[in-house]
Every structure is written in structure tokens, then in C-alpha cells.
Amino acid sequence: MAAPMTNDQSCFFALALGVSFLKCLLINAYHSTDFEVHRNWLALTHSLPVPQWYYEATSEWTLDYPPLFAWFEYGLSHIAWFFDKEMLVVQNLNYASPATILFQRLSVIVADVVFFYAVKECCKCLREDKGKDLLGKPSFILTVLLLWNFGLLIVDHIHFQYNGFLFGVLLLSIARHFQNRHFEGALLFSVLFNLKHIYLYIAPAYGIYLLRCFCFTQSNADGSLQWRSFSVVRLVTLGTIVLSTFAVSFGPFIALGQLPQVLSRLFPFKRGLCHAYWAPNIWALYNIADKAFSILGVKFKLLDINKLPKASMTGGLVQEFQHSVLPSVSPLATLVCTLLSILPALFRIWHRPNGARGFLRCLVICALGSFMFGWHVHEKAILMAILPLSLLAVESREEARIFLILSITGHYSLFPLLFTTQELPIKIFLMLLFTIFSLTSLKTLFRKGGALLNPLEATYLLGLIPLELICEFVYPLTVWQKTFPFLPLMLTSVYCALGVTYAFIRLYISLLTCSDNTKKIKTQ
Amino acid sequence: MENWSLISLCVLLGLTSRWAVSFHSYSGAGKPPIFGDYEAQRHWQEVTYNLPVHEWYFNNTNNDLNYWGLDYPPLTAYHSLVCAYVAKLLNPEWVELHASRGYESHSHKLFMRATVLFTDILIYIPAVLLYCFYFCDGSSKQKVATALCILLYPGLILIDYGHFQYNSVSLGLALWGTLGLGLGWDLFGCLAFTLTLNYKQMELYHSLPFFCYLLGKCIKQGLTGRGFFHLVKISMTVLVTFALCWMPFLSDPKQPLQVLHRLFPVGRGLFEDKVANTWCSLNYISSYHVCETHLIIAGGHSGIIMLPLLLKDGLLLPYVVTSLAFLFLSLYLLSALERSTEEELRLGLYRKHTQHWLPKLNLSRIIKWKFWFSLVAMAALSFTSVWLKPPAKLPDLFPVLVSVLSFLHFLGFIIYFNQVQLMEPQRKKSLKKTN
């Protein structure tokens, strides 16, 4: 007989199985157009030869993920064949038979196994794992915060995406860096980037960290750089790993001369500053400020309404933004702002690295900075900051605080993704579930030292309740619903942007003021 | 973690699984002209809203009793009436007399599902929580674990949120009745139990233990003294509650007779939809017209019993998921198998009888093996019911096998629970319900 599982292991298994059961129950829930996106990719990778993958345009949902993901879909399509062959016909647009739904949903649920494994590895990286009882142990709390993360559940298993699998690869890569298995970590990140290029957001953190802490094998006593310890071997090996991953992924398309086409699909800059629903970032605040200034300006006769450029913020796939009072923002401007926002963090870990934890903080800041200032950011990208931050939240009081604000606000900002009445109770129940758990478990974990959230922060978070009541229940019953249907979305966006910005600032303060290890850091 | 947060998490998990199951199909979905229980409930809203009280249980041009005529006691009718008022506010088409027959729409389904959730939150869930915290043994974490298992019990979820019924109301009220008796609030317990009797007549099955317990308590207190007063108070509570519930029907002697005729239809057949009980298996005529809902009341290993019904309703996926989840959860959280020593299982009586001729019999191990065996049998039956075709000569082979298996389980449970009850030492607060 197999050796009996330890208490921890059986608990992990129970949590993983439990959340999988929940995911199975959500198979029949609403799914967004992303479902059709992936069905289309299954069809085109299965039915068409490789050279046509990035040219195929029968469906409006063209392939806009890097080649490794296309290969992943190709692999899935062979299993899909046994469920329903019709879903693999490219012309079958919006095909959604029960077998198709079952297959696609199950593929997300099964792919989450990668995520489970990564979470297990992350739990092993925790510094200390002692607790009064099982429910108070950091590893248990971290497991629940990750496996039962509200954002992942509703984005992956209702809205429909494969983020669990991708974040699994990311968290595994982070875990490997914690375990000083840097080559594996780098390989995993290269693979991840070739699966979904949005992870470009955090590539600078990887680059600087690996260069500083891995290629330079030693630091001086005060933590500063020891130039002589530079290891060319390591740099070359890292470079080889990264380049060979890219070669496997993009190689065939470069050989076919299709690289420009692939890149144009991956980076469609024709889209506007903000998505149809504004992600709660700086530009949401910028938009609202612009609107406010223009209204006030006209009211106080400082501006001539006829001379103002028409500020259009209507819905749709493509959003062209023209601001009225404040200068319009171009993609280059957002790039500059993003880089400026993450540079201090990168500089900090270059100058005073703090091992893997410093790297993780920098990673979260890069993710959050890109979210705050990026071009055409989707609100789902907030998960790239929330999930890695969970690891820091169970170890440090300050980060737990930031995590609570960021996760509750960020998760709430995902509510507009599920706009159907049927899913309303689910999103409320699951949000409450995650919020209550994270608040009470982190509060218990860090009970020494007073309250985790100060009154202002607590009030802000409580303010989400009336906001939800107004946007979801009260506003639809008013006369303005017809004339200004976007108002609740705007309100949600702006309110959450405040919380996200606050979290970003606090995170920066935490990074820049954290005490670093001044002993000689030997990073092998 | 604090108790309140653990309880909230359990309740939220229970609510989430309930609502997620409600996404699936309901009984009779898209199956004109008769449809199913969902249409029955909608029809009752239509009837109670549009017709005067004295016509509810009678056959006339406005009320065709052959099409899902009311066959539950008046409290169900009043509940339907309240729902109908809400339905009328949202969309009058849902309860329009005659025209709304067979009405099906996504928003209507949401409304109907919401009514189930509402009563569940109001009546059943608080009762479960109170029951676990006042009457279960163990640490507060164990109580929370028990509450979670009860809240995730698949039978109730699948029938109420899948098939479509309001068993949470009747079971909840019965549970409140039990709580009342257990806490010594006899009159409150009587009130609650009388209400549940007036909601679903099936609860008569539970009335005997209630009656016997209360009668015994009164006798103990002395039928010439306090006991007598107590008995009088109990009787008055029951009578007044009945009177209030049946008041609109008491003006004309024909009314209550007709209602009773609808509640206990001796004209109907013995079997309804291939059920699992003595009658189906032994073909023995002793009770009439037992239907699937009784099985929730009996509880137990029960998902399998409803499998034929659930398959018909298109609820295979939620059945598999909730049953597996419940099984796994109860095994894991309640460490069900570890705590199955002879003492804990209270197999004393069995031990006494088998001691002489099978002294080395390890009863607890037998129980464990029997548990795994019945699990395998259930899994196999589930699989065959879904994937295999029965032989042409025996088209109902699988549902009957399901019934037989379930009957054997129930028989076993009845014997077991009776023996537990008989061996139970005298305790102040105990009224064990077999659920």
C-alpha cells in the first residue's frame, strides 16, 4: 500500500479536488466570446497547415498569441476530435454544441493541474510554515489564496481563458528561482513568454534579476555589485536557453518569412488607449479628469464648447480616444510612462538586491506598473500582480495589507466581465468567499501588531458594497440607464483605479524601504 | 480562524453549489404538453393568483385538476400565491390564466430558481447551522465540518435546484421543529412541525416520532399534573395552527374534504416513476403512492436512487459532481471511515446477537467493506444507466436495479437506526432524526 499522505498533503489534495468540483459545476455557466476565440484556434490549428495559421482570417478572432500557444491548441485539437469533430471546422463560427462546451471547459480544468503543481512548489518556498493549527499555517492560507482565487475562477471557468495553466508556469518559474534553480526558472519564463506575450510586462524584472543575482555570482559585503564576479558562462547559458526557446517557437515562422505578419498579429496597436470597459488604471483617472475639466470649463465659461475636440468614449472593439482638455495619449507616451514607473524598482534590485523576495516584489511592481500605464490594458491583467503578490502576503505584514487592498479592489473590478443576471449570485458568493477568507486568515496570521487595515482603507473597501448595490441594482432601475448606460462601468473603473493606484504606491514604498540583507549574499 | 468566518464560508460554499446546479436543466424542460414539476409549481402560482381560494382544489373550466392540479396542503398554495405576486410584478405573462401554460424562458427560470434560493436562505440553512451548533458533538471545527457536509448534501441540492421543488421549506420547518423540541421549546417545535405538515403531507412520516416524543414527555411530567397542562398547550398549538392554515377552507364542509382528497389520492397508482421502496421491490400493497421526494427525507447514500429521475431531467453532470464532492468531503472532513469502530458505530446490539456463533467477527471492518462495496455498486449502476442500453425484453432493468439496491440500503438503515435508537442512553436533549 502507498504511504499514507501527511496532513498537509491530504489538505492540499482536498482543496484542489474541491475547487475542481466547483469548476465542473460551472461548466454550464455563461461563457464570453473568448470561448469562440479558442474554438476557432482549435479549428485552424487542426485543419490548416502551419504556414496559414497567422494568415487565417475567416473568423474575426485571429490567432494573436505566440506560436507555442498555437501548438498547445494543436495538441488539444487532437483530443477535441473525439468529442465533436464539427468544432474543428473553421467555417463553423460560433459553434457551441454541448460536447464542445464540455471539452473546452474540461481542457481548462485539466490544464489547471499545472497550476496545482506550481502552487505546491510555491508552498515549499515559504520561509517558515508554523501555525497554531492547520487553518493558520501560511502554506494552507497561500494554497487557498491561489487555488481558490476569485479572479482565476471567474475569468478561466466562466468567462473562459487558460490563465490557470499560464500562471502555473509563471508561479513554477518563480518557485524555481526561490529554490535557486535559475536555469529552470529562466526556461520556464521563456516558455511562458512564448505562450502569451503579455508576460512581456514582467520580463524586465527577470532580466535585471538574473543579470544581477545570477550572472554576477557574488556581491560585496555591503550588498553592492562585485564586477569581477561576472560569469560569462552563466550569461551565455541563459542566453542559449532563451534563444533556443524562441527558436523552437518562432523558428518555423521566421524560416517561412512570416515574422512581420506574426508580430502584427501579436501587437495590434490599432486598438485604442482603453478597452471598452476601462481597466482601473491611471488612464481611467485621466479620462475622468479630462471629462470633469471639460464639463467644469464649459460651465465656468473658460472653454468654448464649440472649440473642444469631441471626446468620444463610446463602446466597441476599437476605441479611439480623443481627450478634450488634457493632451491625448499616444502608445509611445504610455510606453515611456510604463518604463518610468518601473525603472526605480529595477534600479533598486540592481543596486540592492534582496534575493528572490526582492525579485518577486520587483516582478509585482513591473506587472502593476504596466497595468497602470500600459496601452489598451485589459482589466484581467490585474491578476498578474495579484497572484504573485499572494506569496509575499503570507510572509510579510505590510504586503498582506497591500494584497488585501489590491486583491479586493482588483477582483471587484472584474465584476463587469460577468454581466449576466444568472451569474450575479455566483460572482457575489465567490467574491464574498474569497474576501472573507483572505481578510480573516491574514488578520489571524498577523494578529500581533494591531489591525491589518487602517480605518481609511477599511472604509474604502467597504465602499465597494454600496457601489455594487448602486451599479448592479439601483442604477438599472433609473431613467439614466438608457441615456448613460456606461456610467456604472465608469464608476466601477474609477473607484477601483483609486485602490489600485494606492496599492501601487504602497508597494513601491515597501520595496524602496525594505531592509536589505547586508551580509555577503552568495547567489550561486 | 473565527467561528463566524468559518460558518460564512460554509454557507457561501453551500449557496454557490446550489446556484451552480441551478444553471442546469429542470424537470420537464422543453417537453410539452405535460412538462414536469417546474411547470407544476408555475401552474400553482397561476391558479392561486387568478382564482379565488374556494376554487383552488376543485375541478372546473378555469382549473383543470388533470393538469398539475394542486395536491399539496394549503401552505404550499399560499407560498405559490406570494411567489405569484412577485412574478406578476416582474412579468405578468408568467402567471396569466391559461395563456401561461407551459411558459418557459430564461428569465422565468431565473425567477423560479431565485424563489427556491430565497426560501432556502430563510428557512433551511439557519436551521442546519443551529442544529449543528447546538446538537452536534465535538469541537467547533467539527461542527462546522458537519454543517458543511449537510449543506452540500447532493440529494436536496439536485432535487430542489435541479429537478425543481421546495423541499428546503418542508425539511427546514421539520428541522426547526426538531430544534424546538431539542431546546425544550416544545410549543415552538409543535408550531414549526405543524407548519411543515401543512406544507407537504409527506412529513406525516415524521409526525409519529414527534407525537410519541411529546406524549412521552407529557406522561413523564405526570398526566394528572403539569403533564396534562403541557399536553393541552401542545394540542391547542397544533389545532390553532391547523385552523389558521385551513381557515379559508372551513366555510364549506366540501372544501376540506376535497383538499384531503387531493392530498391523499387513493385513486392513483402504486408506483410513480419507478421508485425505490418496499412496494417496488416486493410488490406489496401496504401504502399508496410514494414518490421520489420521500427519498430525500430518508436521506442516506441517496444520490443513486434519484439517478433515473435525474437522467431524465438532464442532470447527469451535477449528479456526478455533487455526489463525488459530497462523498469525498464527508470521508475527508468527517473522517467517516476512521471513526467507524464498533463502539462509535454503536453496533452493540449486532455484537450481542452475533457474539455466540461468530465471536471473531470484526463488525466494523465488515461495515467498511460494505461501504466500499456499495460505492462500487452505485458507480457501476450509474455507469450502466448512462452508457449501456438495457436488453430489449427488460427496458426498465436499470431503474429497477437502482430501486432494489436502494431499497436494500434503506432496509439496512432502518434496522441500524432502530437499533441505535433502542440502545441510546437516556439523554436530556435528543431526538435523532433519521436523516
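A, B, ... follow the sequence lines: proteins, then strands. Residue 1 opens every chain.
- Minimum heavy-atom separation, Ala20(B) to Ile426(A): N-CD1, 4.0 Å.
- Nearest heavy atoms, Leu317(B) versus Cys24(A): CD2-O, 3.7 Å.
- The distance from atom CG of Leu430(A) to atom CG of Leu15(B), rounded to the nearest 0.5 Å, is 10.5 Å.
- One distance of note links CG of Leu22(A) with CG of Leu13(B); it measures 8.0 Å at 0.5 Å rounding.
- Partners of Ile465(A) according to the side chain to side chain contact (heavy atoms under 4.5 Å, CB included) rule, which considers only residues two or more places apart in sequence or in another chain, are Leu462(A), Leu469(A).
- With a 4.5 angstrom heavy-atom cutoff, Leu445(A) does not touch chain B via any of its atoms.
- Rounded to the nearest 0.5 angstrom, Leu9(B) CG and Leu433(A) CG are separated by 5.5 Å.
- Both the backbone and the side chain of Leu324(B) come within less than 4.5 Å of a heavy atom in chain A.
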(message) side-chain contact (heavy atoms from CB on, under 4.5 Å) for Leu6(B) and Leu135(A)? Distances and angles first, verdict last.
(response) CA-CA 10 Å; Leu6(B) 284 173; Leu135(A) 296 185; 3.9 Å; yes

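- Between Phe328(B) and Phe21(A), the angle of the ring planes lies from 30° to 60°, which puts this pair in the tilted group.
- Comparing Leu439(A), Ile428(A), Leu17(A), Leu102(A) by how many heavy-atom pairs each has under 4.5 Å with chain B, the most go to Leu17(A).
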Find the N and O donor-acceptor pairs between chain A and chain B that sit under 3.5 Å apart.
from: Asp133(A); atom 1: OD2; to: Lys141(B); atom 2: NZ; distance (Å): 2.9
from: Gln422(A); atom 1: O; to: Trp19(B); atom 2: NE1; distance (Å): 2.7

